[in-house]
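Before any comments, here is the structure.
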Amino acid sequence: MPRKLRVLWTVCVILGIGTAAERHKTSAQGSNPPATPTVVPKTWDDQAMATLEVPLANPLGSPKHIASDYYYRIPVRTIYKSYPVYAPTHEPPSYFDWLRQQDPVIVWDDKGRTPSLKTEADWISSGEIVFDAPIGYGGLFAGLPRQDLYVREPSFYEKTGTPVAADGTVPFYRYVVTKKGQVRIGILGCAMCHTRVMPDGKILKGAQGNFPFDRAMAYNYRNGGGTPEVARELERSLFGVPWVRPDPQTSLDQMSIDEIASRHESIPAGVVARHRTNPLSPVQVPDLIGVKGRHYLDRTGLQQHRSIIDLMRYAALNQGGDDLATYAGFTPAGTPLPDPDKVGRRYSDEQLYALAQYVYSLQSPPNPNKFDAAAARGKKVFNREGCGACHTPPLYTDNKLTLADGFSLPPGAEEKYDILPISVGTDPSLALTTRRGTGYYKVPSLKGVWYRSMFGHSGWCATLEDWFDPRRQRNDYVPSGFMPYGVKSYAVKGHPFGLSLSAADKEALIAFLKTL
């Protein structure tokens, strides 16, 4: 499969041009001269990249990343001005005709067109441009021939449940004009996974997103007209772990398009089968607000986070860089790798530095949950039960890794990483059988749980009330969040803390957690 067919899905994650781009007045004819008052770190350093990630549970599969010489020969991505996408019943009259009349405007490239970068505020606002910028165009499943503007179809919203903001926009997408008269749908910017439409219709950037990513992919599978062979090849490039036995992808060879789509359709908004995971072991979409204080990135603590440059490297990897790596002889982008100018695009070091500055600047929205008598009682329950041993204030995480069930601590690991050598007994599949599987789960922060959903590392429980319901550990339990495709019930085992509390204590504890 050509590289461009993979790169559109190889990102999910964690990392369109939005409001900052619209406020910015740069045009292709009148751009500001480059200005870099700060020394921008070098993103891709061979020695640093070799030790950046925590080894996988089976070190045989740990990635060998491309050399810096190859990386810096990949062309820099051009960021164009973009425009809002509206839900079908909210689009202003003649809006699409107006878009066709717009000239393309380059906001940021490596040829001298750049936003102002003179002050810290400039870097942050420019980082919002990068955060919102699409990195691909067309339908989510780029291997299918149909690449029309399905976001204008009412059936897309009916089938996927895609949220619409109070102003009628769909903030996960952007329209982009790269050639006059040609309007393209921009996808897979950081904002696509990390934007949340709140219950009142307000847009919260950087939060755990609630775009139904996998259900949109299922819609594309079913309506795009592709073949099972193309779908299977894409699935293998995203999720393949050929060194794991038994191979989690074994059943893929017998699956139809409809079955592959159904596998993704079982994954709700707030959870995503991002690349390097598995549709049977997806991950809760992370909240980026407060990420500056977290020492490990990913549910499995895959990457160390010691400074802003590590966040830059994480973004570079998740925007296609790790697709070029080799995992026990398996390279998602294909072997041999093509010339660097044919593998897609990358962000410049300046763009990544601005992005990281913006992510670091993100703040929680005003919390409507007041610290009342119930919350005060819940705080006492929190302290009495020893919750703070792992979820340590003020970050409400001890920033350590815990062992996945069945994983043994490798020799020397405790000297390299912050490890709490216990297991809380949750499903180990993500940590043991995926390309993000380190054998560990990080202790998550509890801050901001009031605006999040889909709890547990694979998002099985839609609410905190469900998470503290002891019935979730029963084999006949039907999860309110993610439940693997093909089963009628699923026991959400592990993390027993809080399950034996009285109803009153449980209610008080949840009241306290929602104030964080």
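Note that the numbering runs from 1 along the sequence shown for the chain.
Nearest heavy atom pair, residue T277 against residue R274, reads OG1-O, 2.5 Å. The two atoms that bring L355 and Q319 nearest to each other are CD2-NE2, 4.4 Å, heavy atoms only. The two residues R452 and R196 come nearest to each other via the heavy atoms C-NH2, 3.9 Å. The two residues L280 and Y485 make their nearest non-hydrogen contact at CD2-N, 4.3 Å. Residues Q101 and K180 approach most closely at O-CE, 3.2 Å, considering heavy atoms. Nearest heavy-atom pair across P154 and P88 is N-CG, 3.9 Å.
Ring-plane geometry between F211 and F156 is classed as tilted, the angle between the planes lying from 30 to 60 degrees on a 0 to 90 degree scale.
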Practice prompt. With side chain to side chain contact (heavy atoms under 4.5 Å, CB included) as the test, would you mind laying out the steps for L317 and H65 before giving the verdict?
Written response: CA-CA 9 Å; L317 284 168; H65 292 297; 3.4 Å; yes
Item to complete: Begin with the C-alpha distance, continue with both residues' side-chain angles, and end with the deciding distance and a verdict on side chain to side chain contact (heavy atoms under 4.5 Å, CB included) for V359 and Y314.
Response: CA-CA 12 Å; V359 171; Y314 184 82; over 6 Å; no
Worksheet item: Would I289 and L204 count as a side chain to side chain contact (heavy atoms under 4.5 Å, CB included) if you check the C-alpha gap in whole Å, the side-chain angles of each, and the deciding distance to 0.1 Å?
Response: CA-CA 10 Å; I289 297 171; L204 180 56; 4.3 Å; yes
Item to complete: Let me see the working for D122 and S116 under side-chain hydrogen bond (donor to acceptor under 3.5 Å, both in side chains), right down to the final yes or no.
Response: CA-CA 6 Å; D122 288 341; S116 175; 2.9 Å; yes
Item to complete: With salt bridge (charged side-chain N to carboxylate O under 4.0 Å, His left out) as the test, would you mind laying out the steps for R222 and D258 before giving the verdict?
Response: CA-CA 7 Å; R222 289 202 172 100; D258 187 67; 2.7 Å; yes
Discussion item. Please evaluate residues W44 and Y72 with respect to the criterion ring pair (Phe, Tyr, Trp, His ring centres under 6.0 Å), reporting the C-alpha separation (whole Å), side-chain torsions for both, the decisive distance (0.1 Å), and the verdict.
Written reply: CA-CA 8 Å; W44 208 277; Y72 282 108; 8.0 Å; no
Item to complete: Output, in order, the C-alpha distance, side-chain angles, deciding distance and verdict of side chain to side chain contact (heavy atoms under 4.5 Å, CB included) for K159 and E153.
Response: CA-CA 10 Å; K159 295 290 187 182; E153 301 171 359; over 6 Å; no
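For the atom pair R232 CZ and I257 CD1, the distance stands at 8.0 Å (nearest 0.5 Å). The CD atom of Q182 lies 10.0 Å from the OH atom of Y137; values are rounded to the nearest 0.5 Å. Expressed to the nearest 0.5 Å, how far CD of E233 lies from CG of L252 amounts to 11.0 Å. Once rounded to the nearest 0.5 Å, the distance linking OG of S68 with CZ of R73 reads 10.0 Å. Put simply, NZ on K442 and CG on L401 are 9.5 Å apart, with the number rounded to the nearest 0.5 Å. Separating the CZ atom in R435 from the CG atom in L56 is a distance of 10.0 Å, to the nearest 0.5 Å.
Looking only at distances, a side-chain donor or acceptor of D200 sits under 3.5 Å from a matching main-chain atom of K202. The main-chain N or O of W123 is never found under 3.5 Å from a side-chain atom of S126 such that the two would form a donor-acceptor pair. Counting only distance, with no hydrogens or angles, the side chain of R313 and the backbone of T43 share a donor-acceptor pair below 3.5 Å. When atom types are taken as modelled, the side chain of H194 and the backbone of P286 share a donor-acceptor pair closer than 3.5 angstrom. N369 places no side-chain N or O within donor-acceptor distance of the main-chain N or O of L516, the cut-off being under 3.5 Å. In terms of modelled atom types and a separation under 3.5 Å, the side chain of Y353 and the main chain of K42 share no donor-acceptor contact. The backbone N or O of V176 sits nowhere less than 3.5 Å from a side-chain atom of Q102 that would complete a donor-acceptor pair. In this structure a side-chain-to-backbone donor-acceptor pair under 3.5 Å is present from S125 to A121. In this structure, D349 contributes its side chain and V40 its backbone to no donor-acceptor pair below 3.5 Å. Between the side chain of R215 and the backbone N or O of E265 there is at least one donor-acceptor pair closer than 3.5 Å.
For the pair L311/Y360, a side-chain contact is recorded, criterion being any heavy-atom separation below 4.5 Å from C-beta on. Within the 4.5 Å cutoff, side-chain heavy atoms of F482 are placed close to those of P282. Contact of the D322 side chain with the H275 side chain is registered, since non-hydrogen atoms from C-beta on lie closer than 4.5 Å. I74 is listed as a side-chain neighbour of P340, based on a closest heavy-atom distance under 4.5 Å. A heavy-atom distance below 4.5 Å is found between the side chains of V283 and V272. For the pair L324/T331, no side-chain contact is recorded, criterion being any heavy-atom separation below 4.5 Å from C-beta on. A heavy-atom distance below 4.5 Å is found between the side chains of F172 and N210. T433 places none of its side-chain heavy atoms less than 4.5 Å from the side chain of N278.
Among T114, I79, T78, the one residue that satisfies the side chain to side chain contact (heavy atoms under 4.5 Å, CB included) test with I106 is T78.
In summary, the side chains of D298 and T300 do not present any donor paired with an acceptor at a separation below 3.5 Å, with no hydrogens or angles considered. R436 and S281 share no side-chain donor-acceptor pair at under 3.5 Å. In the model, S348 has no side-chain atom that pairs as donor or acceptor with a side-chain atom of D110 under 3.5 Å.
Y70 is linked by a side-chain hydrogen bond (donor to acceptor under 3.5 Å, both in side chains) to nothing, counting only residues two or more places apart in sequence or in another chain. Take D310 and apply the side-chain hydrogen bond (donor to acceptor under 3.5 Å, both in side chains) test, not counting sequence neighbours, and it matches R306.
Atom CD of E465 has more than 12 heavy atoms from other residues, nucleotides or ligands within 6.0 Å.
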Would you list the atom pairs, donor with acceptor, under 3.5 Å between side chains in residues 90-98 and any protein atom, with sequence neighbours excluded?
unit_1: E91; atom_1: OE1; unit_2: R152; atom_2: NE; d: 3.3
unit_1: E91; atom_1: OE2; unit_2: R152; atom_2: NH2; d: 2.7
unit_1: Y95; atom_1: OH; unit_2: P84; atom_2: O; d: 2.6
unit_1: D97; atom_1: OD1; unit_2: R100; atom_2: NH1; d: 3.2

